[in-house]
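Contents: one structure, followed by commentary.
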Amino acid sequence: MSYVDEVYARVVAQNPNEPEYHQAVKEVLDSLKLVIDANEEKYRAVSLLERFVEPERIISFRVPWVDDKGNVQINKGYRVQFNSAIGVYKGGLRFHPTVNQSILKFLGFEQVLKNSLTGLPIGGGKGGSNFDPKGKSDREVMAFCQSFMTELYRHIGPNVDCPAGDIGVGGREIGYMFGQYKRITKHYEGVLTGKGLTFGGSLVRTEATGYGLIYILNEMLTHNNHSLEGKTVIVSGSGNVAIYAVEKLQQYGAKVVAMCDSNGYIYDKDGIKLDVVKNIKEVRRARISEYVKEVPTAVYTEGKGIWSIPCDIALPCATQNELDLEDAKMLKANGCIAVAEGANMPTTREATDYFLENGVLFMPGKAANAGGVATSALEQSQNSMRMSWTFEEVDAKLKDIMVNIFAKAADAAERYGVPGNYVAGANIAGFEKVANAMMAQGIV
Ligand code: NDP
C-alpha cells in the first residue's frame with residue numbers, strides 16, 4: 001500500500017461518520033501523490049502525513065441562548081484549529097443548520113492549503129455552529145453571537161486564532177461577536193476580520209474574493225495566449241463573490257451574459273447591467289427574477305440550466321457541487337475555454353477531471369477564491385499596525401497576491417510534470433510550504 005493510501009485508510013478508520021472530511025483528504029492526497037512519492041522516506045520518518053491530516057485541536061462547546069418567546073435554545077459551537085505551522089490559525093465561522101464536525105474539518109483542512117498559497121503567514125482553521133440566522137430577529141442573532149463568543153473568546157486572539165465570516169456570518173454577526181469579545185477581554189484588537197469600516201475593517205474586503213478571482217483568471221488566460229477582452233462569460237450566483245467578479249470582468253472588457261440565484265437564472269444577451277443586480281440583491285434583497293422587469297429584453301428561466309448558455313468562460317460563484325459532469329460536457333461542446341471557481345468546491349470531481357482531460361483551463365477554488373482570506377490577513381496587518389491603507393493600496397496588494405498564486409500553482413505543476421494542471425499545482429505549492437515548516441519545527 002502506498003503511503004498516501006495508508007494514511008487515507010487510517011483517516012477513514014479513525015474518523016467514522018465524517019464523509020466530507022474523508023472526501024477532502026482523499027482529493028488532496030491523491031493530487032499530492034507525486035510530491036509525497038518523491039519525498040516518502042523523509043516524510044515517513046517523522047509521520048508527516050499522519051500529522052498533516054490530523055487537526056491540532058478541536059474545541060466543541062454548547063451555546064445556550066434565549067429566543068424572543070423566552071424559550072431557552074441550545075446550539076453546538078465548534079472551532080477546528082487545524083494547522084499553525086506557518087502562522088496564527090485563520091478561517092471563517094459558518095452559521096448554518098448543516099454545520100457539523102465533519103464539514104468543519106473538511107473546510108479547515110482545505111483552508112490550510114489555501115492560506116499557505118496566499119504567501120502570507122496564516123495557518124488554517126474553521127469554526128461555526130448549527131445555528132440558523134435565517135428568520136431570526138436581530139435580538140436573537142445578537143443573543144446567539146454573544147453566547148457563542150462567551151465561550152470562544154478563551155480560545156482565540158490576534159496571536160492565536162483570528163476567525164472571519166463565512167456562510168451565515170456577515171458584518172452584523174462579526175460586529176456582535178467583536179463587541180462581546182471586547183467586553184469580556186477589555187482588549188480592542190484585531191481578533192476577527194470582516195469588521196465594519198468604522199471599527200477596524202479593511203477597504204476592498206467586500207470586493208476581494210470577486211476581484212481576486214478575475215485577477216487570477218486574467219493571469220491564467222494571459223499565460224495561455226488568451227485575454228478577457230471581448231469574452232462572453234457566465235457567472236453563477238448573485239451574491240458577494242458573483243457581484244464583484246462581474247464588476248471586475250466588465251472593467252476588463254468582458255461581457256457577462258448570465259447570473260442566477262437559487263430560484264433561477266437570467267440571460268441578457270446585451271450584457272448584464274450590474275447596477276440593476278446590485279439594487280436587487282444588495283439593496284432590496286429580492287430575487288434575481290426581478291431583473292427582467294427592469295430589463296425587458298432579458299430572459300428569466302426558473303430552475304437550473306445556466307451552464308447550457310454558450311460562453312467562452314464559466315465562473316461558478318454560488319455553492320458547492322453546482323457544476324456536474326453533464327454541465328461540463330455542455331460547456332465544452334459550446335466552446336468554453338476556461339473555468340475558475342469563485343465558490344468553494346462548486347465543480348464535482350468528475351466535472352473537474354473532464355475539464356482537465358479535455359483541454360479546458362481550470363483554476364480550483366483553493367487558488368481562485370483565496371483573495372478573500374488574503375484580504376482578511378491584510379486587515380489583520382492594518383489592525384496590528386493601527387493603520388488603514390487606502391483602497392488602491394489594498395487592491396494593489398490583492399492583485400500581487402493573486403498573480404503570485406498563479407505563478408506558484410503553475411510552477412509546481414510544471415516541476416512535477418503536469419504542466420497546466422492547476423489543481424495539482426495549487427495543492428502541491430500549498431503543501432510544500434506547510435510541510436517544510438512542519439519538518440523544521442520537529443514533532444509537534
Ligand atoms: P452569498 O450568500 O453572498 O451568495 C451566494 C449566491 O449563490 C446567492 O446568489 C445564492 O442565491 C446563490 N446560490 C446558493 N445556492 C444556490 C444553488 N443551489 N443554485 C444556484 N444558486 C445558488 O455567498 P458568497 O457570494 O459570499 O459565497 C459564494 C461562495 O463563495 C460560497 O461557496 C463561499 O463559501 C465561497 N467563498 C466566499 C468568500 C467570500 O469572501 N464571500 C471567500 C471564499 C469563498 P440565493 O440568494 O437564492 O440563496
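Whatever order the structure lists ligands and atoms in, that order sets their numbers, starting from 1.
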Are any of the side-chain nitrogens in Lys273 or Glu294 under 4.0 Å away from the carboxylate oxygens of its partner? no
Structural part of Cys317 in contact with ligand 1, heavy atom criterion under 4.0 angstrom: backbone
What do you reckon, does Asn263 have a nitrogen or oxygen under 3.5 Å from a nitrogen or oxygen of ligand 1? no
Taking atom 23 (O) of ligand 1 as the reference point, report whether a protein heavy atom occurs under 4.0 Å from it. no
Quick look: Met259 vs ligand 1, heavy-atom contacts under 4.0 Å, and the answer is neither
Which of the listed options, Leu213, Ile167, Thr209, Asn369, holds the heavy atom that is closest to atom 38 (C) of ligand 1? Thr209
Find all atoms of ligand 1 within a distance of less than 4.0 Å from any non-hydrogen atom belonging to Ala318, and give their numbers and elements. 7 (O), 12 (C), 13 (N), 21 (N), 22 (C), 28 (C), 29 (C), 31 (C), 32 (O)
Under 4.0 Å, heavy atoms only, figure out whether ligand 1 is touched by the backbone of Arg287, its side chain, both or neither. side chain
Determine whether any protein heavy atom is located less than 4.0 Å from atom 2 (O) of ligand 1. no
Among all protein heavy atoms, pick the one closest to atom 9 (O) of ligand 1 and tell me residue, atom and distance. Ser238 N, 2.9 Å
Atom 20 (C) of ligand 1: nearest protein contact (heavy atom, Å): Asp261 O, 3.4 Å
Nearest-neighbour protein heavy atom for atom 45 (P) of ligand 1, which is reported as residue plus atom name and distance: Ser262 OG, 3.4 Å
Using distance alone, decide if ligand 1 has a nitrogen or oxygen within less than 3.5 Å of any nitrogen or oxygen in Val241. yes
If we number the atoms of ligand 1 from 1 as shown, the ones under 4.0 Å from a heavy atom of Asn344 are 32 (O), 34 (O), 35 (C), 44 (C)
Does a donor on one side chain and an acceptor on the other come within less than 3.5 Å for Lys195 and Asn383? yes
Salt bridge or not for Arg205 and Glu379, using N-O below 4.0 Å? no
List every atom of ligand 1 that sits less than 4.0 Å from any heavy atom of Arg205, numbering the atoms from 1 in the order shown and giving each element. 40 (O)
Atoms of ligand 1 under 4.0 Å from any heavy atom of Ala343, numbered from 1 in the order shown, are 29 (C), 30 (O), 32 (O), 35 (C)
Should Asn240 be counted as touching ligand 1, given the test is an N or O pair under 3.5 Å? yes
Regarding Gln101 and Ser60, do their side chains bring together a donor and an acceptor under 3.5 Å, going by distance alone? no
Name the closest protein heavy atom to atom 4 (O) of ligand 1, giving the residue it belongs to and the distance to 0.1 Å. Gly239 CA, 3.3 Å
Can you tell me if Tyr215 and Asp395 form a side-chain donor-acceptor pair at under 3.5 Å? yes
Do Glu189 and Tyr181 have side-chain atoms, one donor and one acceptor, less than 3.5 Å apart? yes
Fit a plane to each ring of Phe95 and Phe144, take the angle between them on a 0 to 90° scale, and name the class: parallel (under 30°), tilted (30 to 60°) or perpendicular (over 60°). perpendicular
Side-chain donor-acceptor contact under 3.5 Å, Trp65 with Asn75: yes
Charged N to carboxylate O under 4.0 angstrom, Asp30 versus Arg349? yes
Tyr188 ring centre to Lys182 NZ or CZ under 6.0 Å, with the angle to the axis within 45°? no
SB check Lys281 Asp261 (cutoff 4.0 Å): yes
Within ligand 1, which atoms have a heavy atom of Thr319 less than 4.0 Å away? 15 (N), 16 (C), 17 (C), 18 (N)
